[in-house]
Each structure stands twice: as structure tokens, then as C-alpha cells.
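The residues of the chain are indexed from 1 along the displayed sequence. In each ligand, atom 1 is the first atom listed, and ligand 1 is the first ligand listed. What you see below is based on every heavy atom in this structure, not just the backbone, and it leaves out hydrogens, waters and symmetry mates.
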Amino acid sequence: MKLIRFANLPGDGIGPEVMSAALEVLEQTGKVYNFDCVTTSFDVGGVGIDKHGQALPNSTLDGCRAMDAILFGSVGGPKWENLTPKEQPERAALLPLRKEFELFANLRPGNLFPELCGLSPLRKDVVGGGIDVLCVRELTGGIYFGQPKKTTLLEDGQKEAIDTMIYRTGEIKRITEVAIKAASLRSKRICSVDKANVLETSVLWRQTVTEWTKKLDPSIELSHMYVDNAAMQLVRDPNQFDVILTENMFGDILSDELAVICGSLGMLASASLGTGSNSLDFPFGLYEPAGGTAPDIAGKGVANPCAQILSSALMLRYSFGLEDAAQAIENAVKDTIRSGLRTSDISMGGSAVTTSEMTSAILSRIV
Ligand code: NAD
């Protein structure tokens with residue numbers, strides 16, 4: 001029996017509600033696909049501040065270090081909004097975790113089931129068949145982190161601000177490798193997005209992605225697109241893409257565009273993979289829903305558990321190599337939606353079920 005060792009960090013608001021749903025689904029999936037979950041829950045975010053004085057307590061960090069992956073809920077809420085930006089739960093918990101585990105690759109699946117196409121702001125004739133696109137974003141380089149980054153006062157009294165965009169070949173190669181692995185589990189098509197008509201970093205990006213893809217897997221169908229065109233093409237016809245590979249800032253913008261196109265935060269999962277391998281020789285990763293703590297519905301038992309459950313499927317796929325089990329969870333969610341069950345965020349005014357009813361329906365489909 002394979003052992004799946006991961007830390008679970010439910011966090012605040014709806015975090016604990018949807019985390020317990022995901023844990024139930026993982027346990028059931030383990031029974032069918034022959035693995036045992038070994039997991040410990042640790043405080044993070046606002047609850048970390050309240051109980052330990054820190055959004056990311058040392059005990060939580062140590063607990064995560066001892067495991068092979070992190071299943072993360074979400075953090076923050078009105079109670080902690082008056083703290084300084086540096087102390088805010090999201091920033092004080094997620095940034096150090098990204099740093100500690102060198103989480104350089106962000107994978108954001110943009111999935112819209114055909115049955116939910118009414119949630120998308122795009123026309124039915126564009127998205128009626130659903131959306132299935134994966135955005136692979138470089139997460140630790142580029143203009144958000146490059147130095148110098150400063151504001152200076154000029155002699156003429158104006159202020160001048162500088163950000164610096166830097167990419168090295170090593171950074172581009174490793175994210176390309178992640179995109180290739182992800183694409184090989186899908187249709188083997190990658191569209192690399194850059195601004196190579198203007199930016200030096202993009203010229204290097206395009207050159208490196210091309211060479212490295214040819215070297216690692218020549219069977220990948222690689223195309224390139226400028227970022228301004230990619231932003232347009234995503235709304236014009238999202239399904240022309242399969243895997244989008246891009247740098248940090250472009251990925252930040254495009255992955256949010258993709259999320260909006262897909263209609264509901266309650267359905268979207270994400271994965272952040274690190275440089276290190278876990279004890280099973282797969283990437284260490286942090287898996288979390290795309291949405292936040294939803295304070296407006298927290299504690300009411302009506303949150304949509306699908307994003308957290310789908311995040312756990314990504315964890316099985318990328319950090320434990322359990323593709324069949326991951327697909328079983330994804331199919332169970334898909335089937336549940338197809339059967340007509342809806343939580344209120346996706347019910348479009350129709351009747352809605354609770355978190356636990358949705359979870360039970362998903363569980364009953366993993367057999
Ligand atoms: P949010 O994603 O929490 O909520 C936006 C809207 O989406 C709300 O109406 C909410 O009810 C709904 N929603 C989100 N997830 C849902 C789900 N699973 N089921 C049903 N409805 C869902 O964003 P916000 O309101 O901007 O932020 C609330 C708090 O969450 C803030 O403190 C913010 O800092 C934090 N936040 C944390 C993370 C994170 O931990 N990674 C991400 C985003 C926001």
C-alpha cells in the first residue's frame with residue numbers, strides 16, 4: 001500500500017469546511033486506488049496569528065518540511081484586515097511558503113464544464129462545449145523580483161521608479177520542463193507566450209523554450225504567441241490553447257483572465273511546484289483552490305468544495321504520480337455536476353445543495 005504523506009493547512013473562513021471535504025474524498029479514493037493518506041493538520045493564516053502569534057508558525061513550517069506535499073485551504077478575512085500589509089495572513093503565510101519550498105511553477109487549470117457554461121461571461125457559442133486549458137506560469141522570476149527595484153527623487157523634482165525584468169536560461173529551462181511534463185499528460189501542445197518583439201527577456205525566453213523543448217521532447221507541438229494577442233485569443237476562442245507556458249507577470253494576468261472566463265472561483269484548483277523532489281522522487285508541491293476564504297458564506301456549510309477537492313486531485317497527479325486516482329476524482333466531480341447538483345455559487349438562481357451534500361455525491365462516484 002502506497003503512503004501519501006502530506007500536510008493539510010485549512011486556514012480561515014471556508015478553508016476548514018472545504019478541506020474536510022477534500023480529506024474525505026482522498027480517503028475514499030485511497031481505498032479504491034490502494035493508497036493510505038498520512039496527513040497532519042497545521043494552523044496557518046489568521047488562525048495561526050490568533051493561536052501562535054504568526055501567520056506561518058514554526059510548527060507549521062516544520063510540519064510541512066517533514067511531508068511530501070502541502071494541501072492548502074485559504075487564509076485571511078476581515079478580522080485580520082487591519083494588520084500591516086506585511087503581517088496580513090495571505091502575504092505572511094504564502095510568500096514564506098513559496099520561498100521555503102522554492103515554488104517556481106504555478107499550474108492553473110482553466111476548466112469549465114459544459115453544464116456550467118452559463119457562468120462564463122463568454123457567449124455560449126464560444127464556450128458551450130466547456131473549457132479545458134492549463135496555464136503554466138513561472139512564479140519566482142521576472143519583473144516582480146528583479147533588482148534594482150526602487151523609486152528615486154530626480155534633480156528636477158520628479159520621481160523615477162524602476163522595476164527590472166530578468167530571466168536566466170536555467171529559470172526558463174526548468175519551467176519549460178514542467179510545461180512539457182504537464183503537456184505530455186494532455187494533448188502535447190504548448191503555446192509559449194512572450195513579448196519577443198519588444199523585450200530582451202522574451203527573446204531569450206522564446207529561444208530557450210524552443211531549444212529545450214526540442215531537446216527534451218521533440219514530439220511536443222510548440223507554438224509562440226505575443227502576450228497582447230494571447231489576451232485577445234483567450235476571450236475569442238479559449239479552446240485553441242491546451243497548455244499555455246509563460247513568465248511571471250504575463251502568467252499573473254492571463255491566469256486570472258482564464259479564471260474569469262471559467263466562471264466560478266469555487267470550481268478552480270491550482271498547483272505550485274517546487275525545485276525539490278519529495279521522498280517519492282516527485283516534485284514537492286503546494287495545492288490550493290483559486291478562491292479565497294469567502295467570509296460572506298463562511299460557517300454556513302454552503303461553500304463549494306469542488307476547488308479544494310480538485311486541488312487534491314492535482315496533488316495526487318503531480319506530487320504522488322497517481323494519475324488514475326487523480327482522474328477518478330476529476331471524473332467524479334464532473335459527473336456530479338452533470339447530474340445537476342449545484343452549490344449556490346454555481347446554481348445560477350436555481351436550487352442549491354450544501355457542502356456536505358455535494359461532497360457525498362462526489363464520494364459516491366469514487367468506487
Ligand atoms: P474570495 O475568493 O474569498 O470570495 C470572492 C467571492 O467568491 C465571494 O462571493 C465568495 O463567497 C465566492 N467564493 C469563493 N470561493 C468560493 C467557494 N469555494 N464556494 C462558494 N463561493 C466561493 O475573495 P475575496 O472576498 O476577495 O477575499 C476574501 C478573503 O480571502 C480576503 O481576506 C483575502 O485576502 C483572502 N484570500 C485568500 C487567498 C488565499 O489564501 N490564497 C486568495 C484570495 C483571497
Side-chain angles (χ1 to χ4, degrees), residues 7-22 25 42-50 55-56 60 64 70-98 101 103 106-109 111 116 119-121 137 139 252 255-256 259-260 262-272 285-314 333 336-337 341-350 352-359 362:
N8 76 78
L9 278 51
D12 310 311
I14 60 165
E17 301 167 41
V18 291
M19 180 64 79
S20 77
V25 167
F42 296 100
D43 295 324
V44 73
V47 70
I49 294 172
D50 290 353
L56 184 65
T60 300
C64 292
I70 302 169
L71 189 59
F72 194 92
S74 42
V75 294
K79 186 174 177 193
W80 305 280
E81 263 167 23
N82 294 328
L83 295 171
T84 63
K86 249 172 90 177
E87 293 167 325
Q88 296 276 332
E90 231 185 305
R91 191 157 156 191
L94 274 168
L95 290 188
L97 277 172
R98 278 190 193 156
F101 296 104
L103 302 173
N106 184 228
L107 283 72
R108 290 264 294 264
N111 276 320
L116 298 180
L119 293 170
S120 173
R137 165 189 170 194
L139 201 58
D252 190 2
S255 60
D256 271 6
V260 168
C262 289
S264 171
L265 282 173
M267 295 300 297
L268 295 177
S270 85
S272 298
L286 180 148
Y287 301 85
E288 59 176 331
T293 56
D296 51 337
I297 55 165
K300 295 183 179 161
V302 296
N304 186 344
C306 291
Q308 190 76 56
I309 290 170
L310 291 168
S311 300
S312 74
L314 293 181
V333 171
T336 304
I337 296 294
L341 236 56
R342 305 279 185 268
T343 43
S344 59
D345 58 316
I346 56 171
S347 69
M348 295 178 260
V353 299
T354 62
T355 309
S356 68
E357 285 166 335
M358 191 73 165
T359 307
I362 294 169

(request) Check each heavy atom of Val18 against ligand 1 and say whether those closer than 4.0 Å belong to the side chain, the backbone, both or neither. (result) neither

(request) Might you point out which heavy atoms bring Pro10 and Pro16 nearest each other, and give the distance in Å? (result) CB-CA, 3.7 Å

(message) On a heavy-atom basis, I'd like to know which of Asp12, Asn304, Leu265 is closest to atom 19 (N) of ligand 1.
(response) Asn304

(request) Identify the protein heavy atom lying closest to atom 34 (O) of ligand 1, giving its residue, its atom name and the separation to 0.1 Å. (result) Glu90 OE1, 2.8 Å

(message) Heavy-atom pairs closer than 4.0 Å: do any link ligand 1 to the side chain of Gln88, the backbone, both, or neither?
(response) neither

(message) To check you understand the geometry: which heavy-atom pair defines the closest contact between Arg91 and Lys86, and what is its length?
(response) NH2-CG, 3.9 Å

(message) Pairs of nitrogen or oxygen atoms closer than 3.5 Å, one from Ala290 and one from ligand 1: do any exist?
(response) no

(request) Note the single closest protein heavy atom to atom 40 (O) of ligand 1, along with its residue, its atom name and the distance in Å. (result) Val75 N, 2.9 Å

(request) Heavy atoms only: give me the nearest Glu17-Ala303 pair and the separation to one decimal. (result) OE1-CB, 4.3 Å

(request) Starting from atom 32 (O) of ligand 1, find the nearest protein heavy-atom neighbour and note its residue, name and distance. (result) Gly77 N, 3.0 Å

(request) State, without any angle test, whether Asp12 and Thr293 hold a side-chain donor-acceptor pair at a distance under 3.5 Å. (result) no

(message) Strictly inside 4.0 angstrom of atom 6 (C) of ligand 1, do you find any protein heavy atom?
(response) no

(message) For atom 28 (C) of ligand 1, what's the nearest protein heavy-atom neighbour? Residue, atom name and distance, please.
(response) Pro295 CD, 3.5 Å

(message) Between Thr60 and Asp43 (side chain of the first, backbone of the second, donor and acceptor by atom type, cut-off under 3.5 Å), is there such a pair?
(response) yes

(request) Taking the side chain as every heavy atom from C-beta outward, state whether Leu139 and Ser272 have any pair of such atoms under 4.5 Å apart. (result) yes

(request) May I ask you to list the atoms of ligand 1 that are less than 4.0 angstrom from any heavy atom of Gly76? (result) 32 (O)

(request) Find all atoms of ligand 1 within a distance of less than 4.0 Å from any non-hydrogen atom belonging to Leu94, and give their numbers and elements. (result) 41 (N)

(request) Kindly indicate, with the supporting measurements, whether the criterion side chain to side chain contact (heavy atoms under 4.5 Å, CB included) is fulfilled by Arg108 and Asp256. (result) CA-CA 9 Å; Arg108 290 264 294 264; Asp256 271 6; 3.0 Å; yes

(message) Which residue and atom name correspond to the protein heavy atom nearest atom 3 (O) of ligand 1, and how close is it?
(response) Ala294 N, 2.8 Å

(request) Under 4.0 Å from a heavy atom of Ser74: give me the atoms of ligand 1 that qualify, with their elements. (result) 39 (C), 40 (O)

(request) Identify, by atom number and element, the atoms of ligand 1 in contact range of Gly291, meaning under 4.0 Å from any of its heavy atoms. (result) 2 (O), 42 (C)

(request) Could you tell me whether Ile14 approaches ligand 1 through its side chain, its backbone, both or neither, with non-hydrogen atoms closer than 4.0 Å? (result) side chain

(request) For Ala307 and ligand 1, answer yes if some heavy atom of the residue is under 4.0 Å from a ligand atom, otherwise no. (result) no

(request) Quick one: look at Thr293 and ligand 1, take heavy-atom pairs under 4.0 Å, and tell me if it's side chain, backbone, both or neither. (result) both

(message) To check you understand the geometry: which heavy-atom pair defines the closest contact between Ala55 and Ile49, and what is its length?
(response) N-CG1, 3.6 Å

(request) Determine whether Ile337 and Met358 make a side-chain contact, defined as any pair of heavy atoms from C-beta on separated by less than 4.5 Å. (result) yes

(request) May I ask you to list the atoms of ligand 1 that are less than 4.0 angstrom from any heavy atom of Glu288? (result) 41 (N)

(message) Tell me the closest heavy-atom pair linking Leu310 and Met267, and the distance in Å.
(response) CD1-O, 3.3 Å

(request) Ignoring hydrogens and angles, tell me if any N or O in the side chain of Gln88 forms a donor-acceptor pair with the backbone of Glu81 under 3.5 Å. (result) yes

(message) Below 4.0 angstrom, counting only protein heavy atoms, does anything approach atom 26 (O) of ligand 1?
(response) no

(message) Do Cys64 and Phe101 make a side-chain contact, defined as non-hydrogen atoms from C-beta onward lying under 4.5 Å apart?
(response) yes

(message) Counting only heavy atoms closer than 4.0 Å, does ligand 1 sit against the backbone of Ile297, its side chain, both, or neither?
(response) side chain

(message) If the threshold is 4.0 Å, N to carboxylate O, is there a salt bridge linking Asp50 and Lys79?
(response) yes

(request) Test side chain to side chain contact (heavy atoms under 4.5 Å, CB included) on Leu71 and Gln308 and set out the steps. (result) CA-CA 9 Å; Leu71 189 59; Gln308 190 76 56; 3.8 Å; yes

(request) Return yes when at least one protein heavy atom is under 4.0 Å from atom 36 (N) of ligand 1, and no when none is. (result) yes

(message) Looking at every heavy atom in both Thr354 and Gly301, which two are closest together, and how far apart are they?
(response) CB-O, 3.4 Å

(request) Starting from atom 1 (P) of ligand 1, locate the nearest protein heavy atom and write down its residue, its atom name and how far away it is, to 0.1 Å. (result) Gly292 N, 3.5 Å

(request) Using a 4.0 Å heavy-atom threshold (strictly under), name the region of Asp345 that reaches ligand 1: side chain, backbone, both or neither. (result) side chain

(message) Need the ligand 1 atom indices (1-based, order shown) with element for anything under 4.0 Å from a heavy-atom of Gly266.
(response) 17 (C), 18 (N)

(request) Starting from atom 9 (O) of ligand 1, locate the nearest protein heavy atom and write down its residue, its atom name and how far away it is, to 0.1 Å. (result) Asp296 OD2, 2.9 Å

